[in-house]
Amino acid sequence: MATAQRTGRTLPRDLPKLAVRIRRCTLCDLHASRTHAVPGEGPEDAAMVLVGEAPGREEDRAGRPFCGAAGKILEEALVRAGIRRERTFITNTVKCRPPENRKPRPAEMTACRAYLVAQLGAVRPRVIVALGQTAVRDLLGPAASLRKFRGRWKAFANIPVLPTYHPAAILYNRRLFRKLVADLRKARLRAEAA
Ligand code: URA
């Protein structure tokens, strides 16, 4: 299977060039139905990287991560946690919208994974926040479980990873919001202390 790593060309080491490669990517079938690929956004010197699942309808239209309903919740939670969105780098496990908002398939995640790894290599954040089960598995392995790991520090390539709820989960269970904010605050404190 084609992956971002195995196309014969190494990936660029800076975010703008990576974004160009991602926008042109045809490594999996998701490219055929996308409007825009969504590489992610934020400064290269961000202390915190937030990793979601995949772009939804709004993100596919706009080419920006977390700009729909889940994005509103994420922004609210970031404010409560004392984090400025524009100081974080926000991206997803897969950069193109899966049709009907289904979960990304393992082959799609495998194809896209090197882009995430390259983005993390470019930013070298102090902490990563994994938003939801898909990001948790992508970063911590197929056996990783959000239920078991939520709020507990793990690591990806020596970078601390904090698994927490996906903001969309709060749309179905508002009581999780408090825990999402607590986890984001915990991640901020670790980023500030590092
Ligand atoms: N959900 C995600 O996981 N990522 C986005 O960018 C938007 C919604």
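This chain uses plain numbering: 1 for the first residue, then up along the sequence. Whatever order the structure lists them in is the order used to number ligands and atoms, beginning at 1. Only this structure's heavy atoms are used, side chains among them; waters, hydrogens and symmetry mates stay out.
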If a pair satisfies salt bridge (Lys or Arg N to Asp or Glu O under 4.0 Å) and one of its residues is in residues 33-42, list it, with sequence neighbours excluded.
E41-R64, E41-R85

May I have the N/O to N/O pairs between ligand 1 and the protein that fall below 3.5 Å, each with atom names and distance to one decimal?
residue	atom	partner	partner atom	Å
ligand 1	1 (N)	A54	O	3.4
ligand 1	1 (N)	H166	NE2	3.3
ligand 1	3 (O)	E53	N	2.7
ligand 1	3 (O)	A54	N	3.3
ligand 1	3 (O)	A54	O	3.4
ligand 1	3 (O)	N92	OD1	3.3
ligand 1	3 (O)	H166	NE2	2.7
ligand 1	4 (N)	A54	O	3.0
ligand 1	4 (N)	N92	OD1	2.7
ligand 1	4 (N)	N92	ND2	3.4
ligand 1	6 (O)	F66	N	2.9
ligand 1	6 (O)	N92	ND2	3.0

On the ring face of F149, is K154 found with NZ or CZ under 6.0 Å from the centre and within 45° of the axis?
yes

Across all chains, not counting sequence neighbours, the side-chain contact (heavy atoms from CB on, under 4.5 Å) partners of R24 are V20

Between T91 and P39 (side chain of the first, backbone of the second, donor and acceptor by atom type, cut-off under 3.5 Å), is there such a pair?
yes

Taking it one step at a time, do L139 and I128 satisfy side chain to side chain contact (heavy atoms under 4.5 Å, CB included)?
CA-CA 10 Å; L139 289 163; I128 301 168; 3.8 Å; yes

Please name all residues satisfying salt bridge (Lys or Arg N to Asp or Glu O under 4.0 Å) with K72, sequence neighbours left out, ordered by chain then number.
none

